[in-house]
Amino acid sequence: METVTPGILTYLLVAWGVVTAVFIVMFIRRSLLESHEDDQIFLDAAGDQMAAEQRALVAKIMAMSRPLLALGIASGSLLLVMAGVWLYEGLKSF
């Protein structure tokens, strides 16, 4: 019986899975925040609290944009690296 040693492809797959899972969770979180955002607010003097809540909500959404972009790029890059390693290993054994 052969023993299988985990190679670089296994580690890349685990890293890709973790990065992609965090990306999906953050994307869902941002979508939930965006669903609570109002397009238009008609405010009077009593609506200052609602305006402050909307500004805080928009700030949270904007703060998530850069990490989401970075995680998306990291996930795609890891996927491309995994494909390259898989092709290299396949051609090397050919």
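- A single hydrophobic cluster is seen to contain both L71 and F27, as judged by linkage of ILVMFWY side chains at heavy-atom distances under 4.5 Å, directly or through other members.
- To the nearest 0.5 Å, atoms OG (S65) and NZ (K60) are separated by 14.5 Å.
- E89 has its side chain out of reach of W86: every pair of non-hydrogen atoms, C-beta onward, lies at least 4.5 Å apart.
- With S35 contributing its side chain and L32 its backbone, the two residues share a donor-acceptor pair below 3.5 Å.
- Counting heavy atoms from C-beta on, the side chains of L13 and W16 come closer than 4.5 Å.
- Around the CD1 atom of I8, the shell of radius 6.0 Å holds no more than 12 heavy atoms that belong to other residues, nucleotides or ligands.
- V58 is not listed as a side-chain neighbour of R55, based on a closest heavy-atom distance of 4.5 Å or more.
- Minimum interatomic distance between E34 and I61 (heavy atoms only, all atoms of both residues): CG-CD1, 3.6 Å.
- There is a path of hydrophobic side-chain contacts, each under 4.5 Å, that joins V19 to L9.
- Linking ILVMFWY residues whenever their side-chain heavy atoms come closer than 4.5 Å, directly or via other members, places L68 and L33 in the same cluster.
- Note that the CE atom of M82 and the CG atom of L79 stand 5.0 Å from one another [nearest 0.5 Å].
- No chain of hydrophobic side-chain contacts below 4.5 Å, direct or via other Ile, Leu, Val, Met, Phe, Trp or Tyr residues, connects L80 to Y88.
- In this structure, CZ in R29 is found 6.5 Å from CE in M64, a value given to the nearest 0.5 Å.
- With hydrogens and angles ignored, the 3.5 Å screen pairs no side-chain donor or acceptor of S75 with any backbone N or O of G72.
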